[in-house]
Amino acid sequence: MSKRSSALDTTILILELLKRIPKNWSITAQELQQQLCDAGFSRDIHTIQRHLKTLVESSHFNIDLDDRSKPYGYRWSKNAKGFTANGLSIQESLILRMAEEYLKNLLPSSLMGSMAGFFEEANRNISQTSDPQQDVEWCVQGDCCP
């Protein structure tokens with residue numbers, strides 16, 4: 001195989017980067033590199049930085065660059081919807097919302113923060129449903145299983 005990554009390898013790497021960029025705080029290229037390495041994607045820091053630069057400059061993604069100090073930080077813009085390969089169903093959203101309410105005082109804030117993107121998506125899905133109260137009552141009655 002050539003030293004350069006194939007188009008598919010590059011696409012997978014960029015998808016993995018997008019999944020790991022947080023919305024509520026910034027993450028550095030080095031932190032992303034470590035997360036990718038832990039997930040089995042060993043890439044040098046310059047490759048990660050090059051892809052992050054492309055994502056920041058792209059009009060397709062709302063990735064912010066915090067370049068006020070080094071190392072630079074990356075995060076989704078406040079108005080960005082984030083990135084998921086597939087969205088949560090209303091049932092999954094309701095379950096996540098209930099889990100958030102139950103666990104918010106039991107788990108460390110850092111752990112809750114790592115789930116923030118999922119909770120935000122769940123809350124957005126619930127607020128956009130035609131009748132969230134009906135869906136909540138349906139779920140509470142025990143018919144929540146897909």
Side-chain angles (χ1 to χ4, degrees), residues 3-136 138-140 144-146:
K3 189 166 179 143
R4 284 211 174 262
S5 298
S6 71
L8 180 59
D9 288 342
T10 300
T11 302
I12 291 169
L13 178 65
I14 290 172
L15 290 172
E16 290 295 326
L17 273 172
L18 287 169
K19 287 188 335 189
R20 287 171 168 75
I21 296 173
K23 186 165 180 143
N24 296 319
W25 68 90
S26 292
I27 191 167
T28 67
Q30 292 82 3
E31 291 169 322
L32 287 166
Q33 180 189 31
Q34 183 60 54
Q35 287 185 18
L36 289 168
C37 186
D38 292 345
F41 299 93
S42 180
R43 300 296 189 283
D44 66 74
I45 191 65
H46 299 297
T47 300
I48 304 297
Q49 290 168 332
R50 185 177 65 249
H51 289 310
L52 287 168
K53 182 177 190 272
T54 302
L55 291 172
V56 168
E57 293 173 349
S58 170
S59 62
H60 298 288
F61 302 102
N62 292 320
I63 306 293
D64 288 337
L65 167 65
D66 181 358
D67 59 0
R68 293 175 292 180
S69 65
K70 289 189 177 184
Y72 295 162
Y74 301 87
R75 64 182 282 170
W76 287 96
S77 300
K78 291 281 185 200
N79 60 348
K81 293 188 190 234
F83 175 80
T84 56
N86 54 355
L88 294 171
S89 70
I90 189 66
Q91 293 89 357
E92 293 165 331
S93 297
L94 289 167
I95 291 168
L96 271 174
R97 179 68 185 110
M98 291 187 310
E100 178 186 25
E101 274 303 307
Y102 180 76
L103 297 172
K104 67 183 176 186
N105 295 321
L106 298 174
L107 295 177
S109 60
S110 60
L111 184 55
M112 289 299 289
S114 71
M115 295 291 296
F118 294 107
F119 294 144
E120 288 171 12
E121 182 181 353
N123 289 326
R124 190 171 40 250
N125 287 350
I126 292 168
S127 69
Q128 292 174 352
T129 189
S130 59
D131 189 359
Q133 187 59 38
Q134 178 184 357
D135 290 327
V136 169
W138 172 75
C139 191
V140 170
C144 205
C145 297

Quiz prompt | Over all atoms of both residues, closest heavy-atom pair of Q33 and I45 | solution = NE2-N, 3.3 Å
Could you pull out every donor-acceptor pair under 3.5 Å between side chains of residues 55-62 and any protein atom, sequence neighbours left out?
residue: E57; atom: OE2; partner: K53; partner atom: NZ; Å: 3.0
residue: S58; atom: OG; partner: H60; partner atom: N; Å: 3.0

Quiz item: Out of curiosity, C37 SG to D44 CG, how far, rounded to the nearest 0.5 Å?
Solution: 11.5 Å
Quiz item: Can you check whether R68's main-chain N or O pairs, donor with acceptor, with D66's side chain at less than 3.5 Å?
Solution: yes
Self-check item: Distance, nearest 0.5 Å, that separates CG of L13 from CG of L18
Solution: 9.5 Å
Quiz prompt | Straight-line distance of I12 CD1 to S6 OG, nearest 0.5 Å | solution = 7.5 Å
Quiz item: So how far is it from D64 CG to W76 CH2, rounded to the nearest 0.5 Å?
Solution: 10.5 Å
Practice problem: Take T28 and Y72 through the side chain to side chain contact (heavy atoms under 4.5 Å, CB included) test and state the conclusion after the steps. | Solution: CA-CA 6 Å; T28 67; Y72 295 162; over 6 Å; no
Quiz item: What are the two closest non-hydrogen atoms of I27 and R20, and how far apart are they?
Solution: CD1-O, 4.0 Å
Quiz item: When rounded to the nearest 0.5 angstrom, what is the spacing between OG1 in T47 and CZ in F41?
Solution: 14.0 Å
Quiz prompt | Audit row: L52, I21, side chain to side chain contact (heavy atoms under 4.5 Å, CB included) steps and yes/no | solution = CA-CA 10 Å; L52 287 168; I21 296 173; 4.0 Å; yes
Self-check item: K23 (side chain) donor-acceptor with K78 (main chain) under 3.5 angstrom
Solution: yes
Exercise. For side chain to side chain contact (heavy atoms under 4.5 Å, CB included), just list the numbers for R43 and D9, CA-CA rounded to whole Å, side-chain angles, deciding distance to a tenth of an Å, and then say yes or no.
Key: CA-CA 11 Å; R43 300 296 189 283; D9 288 342; 4.1 Å; yes
Quiz item: Hey, is the main chain of A80 close enough, under 3.5 Å, to the side chain of S77 for a donor-acceptor pair?
Solution: no
Quiz item: Nearest heavy-atom pair of Y74 and P22: which atoms, and what distance?
Solution: O-CD, 4.0 Å
Quiz item: Just how far is it from atom CZ of F119 to atom CD of E101, taken to the nearest 0.5 Å?
Solution: 10.0 Å
Quiz item: Can you check side chain to side chain contact (heavy atoms under 4.5 Å, CB included) on R97 and I126, steps first, answer last?
Solution: CA-CA 9 Å; R97 179 68 185 110; I126 292 168; 3.7 Å; yes
Practice problem: Over all heavy atoms of both residues, which pair between S26 and G73 is shortest? Give the atoms and the distance, please. | Solution: CB-CA, 3.8 Å
Quiz item: So, do Q34 and D38 sit near enough that their side-chain heavy atoms are less than 4.5 Å apart?
Solution: yes
